Amino acid sequence: MLSKEKTIWAVHQMMLEFPEAMGALHSDTPFHLLIAVMLSAQATDVSVNKVTPKLFARFPEPKDLAAAEIPEIEAYIRSIGLYHNKAKHLKACAQKILSDFDGVVPNNRAGLVSLPGVGRKTANVVLGDAFNVPAFAVDTHVQRIAKRLQIVKQSASVVEVEQVMTKRLPENEWVKSHHTLIFFGRYQCMARNPKCPTCPLLEICAEGQKRTKKTAE
DNA sequence: ATCCCGAGGG
DNA sequence: CCCTCTGGAT
């Protein structure tokens with residue numbers, strides 16, 4: 001396993017490579033960010049940003065979405081995929097924000113996770129980006145990178161990854177680290193064809209060294 | 001463990 | 001053609 005010191009070094013190297021890393025989902029209010037993050041499940045940020053302007057214009061507030069017909073919501077978000085579940089969750093989520101939270105998006109993890117369609121990952125992103133509450137969201141990119149660098153064992157769950165990363169990184173870097181790992185995963189350490197030969201972390205990455213050795217044969 | 005599920009990339 | 005995309009619910 002990678003040591004704590006090397007973990008911090010690795011994340012800082014990623015920050016040097018992608019200093020501009022930040023949230024890529026477009027939104028103005030916490031409610032709209034919540035919707036954008038819910039829609040981003042198994043979808044690209046580009047595809048989400050493509051539909052949210054019209055969606056937010058049509059449904060500015062929780063009460064607007066809570067009163068909407070499912071088919072109309074689906075029509076706005078169909079191009080994203082998984083649209084049946086997402087439309088259903090969006091409406092139920094807006095309804096619960098009205099009934100249980102006085103129409104205001106809760107700013108704590110327990111409240112957020114209680115909303116239909118909102119899991120720990122979505123809650124952590126909203127906490128960090130909308131409310132400036134320290135949180136470290138573990139998505140497919142973060143989990144893949146943590147395992148390739150052997151920061152965690154291959155069988156680690158998302159919660160285990162979150163526990164290790166939040167224990168090793170200073171709290172005031174959690175949000176930025178998350179976004180940096182996303183960028184690193186998207187442009188350098190991709191799922192399918194990672195660019196190991198040009199990776200600044202190759203010297204500490206067992207997976208990368210294995211891969212570069214294979215391609216050299 | 002499985003299902004959902006369109007769009008874009010390789 | 002096949003794989004992946006800032007997951008969550010069952």
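Protein chains get the first letters and strands the later ones, always in sequence-line order, with residue 1 at the start of each. Model, not experiment: these values are computed from the prediction.
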- Message: For His178(A) and Phe136(A), take the angle between the two ring planes, folded into 0 to 90°, and tell me which bin it lands in: parallel under 30, tilted 30 to 60, perpendicular over 60.
- Response: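 It falls in the perpendicular class, over 60°.
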- Would you mind classifying the nucleic acid contact of Gly185(A) as base, sugar-phosphate or nothing, using non-hydrogen atoms under 4.0 angstrom?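 Contact class for Gly185(A): none.
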- Span that lies between the P atom of dG10(B) and that of dT6(C), in whole angstrom: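 The same atom, P, in both gives a distance of 13 Å.
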- Query: Hey, does the side chain of Asn172(A) reach the backbone of Pro134(A) with a donor-acceptor pair shorter than 3.5 angstrom?
  - Reply: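 No, Asn172(A) side chain to Pro134(A) backbone: no donor-acceptor pair under 3.5 Å.
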- Which whole-number value in Å describes the distance from Met22(A) CE to dT6(C) C1'?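 So the two atoms are 15 Å apart, to the nearest Å.
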- Where do Leu34(A) and Cys93(A) land on the side-chain contact (heavy atoms from CB on, under 4.5 Å) test, with the steps shown first? CA-CA 10 Å; Leu34(A) 174 62; Cys93(A) 178; 3.9 Å; yes
- Message: Quick one: does any side-chain atom of Thr29(A) pair with a main-chain N or O of His32(A) as donor and acceptor, under 3.5 Å?
- Response: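 Pair found, side chain donor or acceptor close to backbone of His32(A).
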- Query: With a 3.5 Å cut-off and no angle check, do the side chains of Ser47(A) and Thr44(A) form a donor-acceptor pair?
  - Reply: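 The answer is yes; a qualifying pair exists.
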- The contact string for nucleotides 2-10 of chain B, one letter per nucleotide 5' to 3', using protein heavy atoms under 4.0 Å with B, S and - for base, sugar-phosphate only and none, comes out as --BBBSSB-
- Query: For dC5(C), does either OP1 or OP2 sit under 4.0 Å from a side-chain N or O belonging to Arg144(A)?
  - Reply: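 Yes, because at least one side-chain N or O of Arg144(A) sits under 4.0 Å from OP1 or OP2 of dC5(C).
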- Message: With a 3.5 Å distance limit and no angle check, can you tell me whether His89(A) reaches the backbone of Asn85(A) through a side-chain donor-acceptor pair?
- Response: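 Flag set: sc His89(A) to bb Asn85(A) pair under 3.5 Å.
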- Would Phe59(A) and Tyr76(A) count as a close aromatic pair, with their ring centres under 6.0 Å?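 Under 6.0 Å, so yes.
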- Please list, by residue number, the residues of residues 104-143 of chain A whose heavy atoms come closer than 4.0 Å to an atom of DNA chain B; answer none if no residue qualifies.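 Output list: empty, so none.
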- Task: Run through Lys91(A), Arg78(A), Arg58(A) and flag the one making a salt bridge (charged side-chain N to carboxylate O under 4.0 Å, His left out) with Glu72(A).
- Result: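 By the salt bridge (charged side-chain N to carboxylate O under 4.0 Å, His left out) criterion, Glu72(A) pairs with just one of Lys91(A), Arg78(A), Arg58(A): Arg58(A).
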- Looking at every strand, decide which applies to His178(A) at a 4.0 Å heavy-atom threshold: base, sugar-phosphate, or nothing.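 Counting heavy atoms under 4.0 Å across all strands, the contact made by His178(A) includes a base.
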- Item | Nearest-angstrom distance, C1' atom, dA7(B) to dA9(C) |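 Approximately 23 Å lies between the C1' atom of dA7(B) and that of dA9(C).
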- Task: Mark yes or no for whether Asp100(A), through its side chain, and Ile97(A), through its backbone, hold a donor-acceptor pair below 3.5 Å.
- Result: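 No, the answer is negative, given that no donor and acceptor are paired below the 3.5 Å cut-off.
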- Query: Please give, in whole Å, the distance from dC5(C) P to Lys86(A) NZ?
  - Reply: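 Between P of dC5(C) and NZ of Lys86(A): 13 Å.
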- Start at the 5' end of DNA chain C and walk down; is the nucleotide closest to His89(A) or to Asp45(A) reached first?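 Looking at the nearest nucleotide for each, Asp45(A) comes out on the 5' side.
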- Separation of Ile77(A) atom CD1 from dC5(C) atom P, in whole Å?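 These atoms are roughly 20 Å apart.
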- Query: Looking only at atom C1', what distance separates dT4(C) and dC5(B), rounded to whole Å?
  - Reply: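 Those two atoms are separated by 12 Å.
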- Protein-nucleotide distance (Phe183(A), atom CZ; dT6(C), atom P), rounded to Å: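 Taking CZ of Phe183(A) and P of dT6(C), I get 11 Å after rounding.
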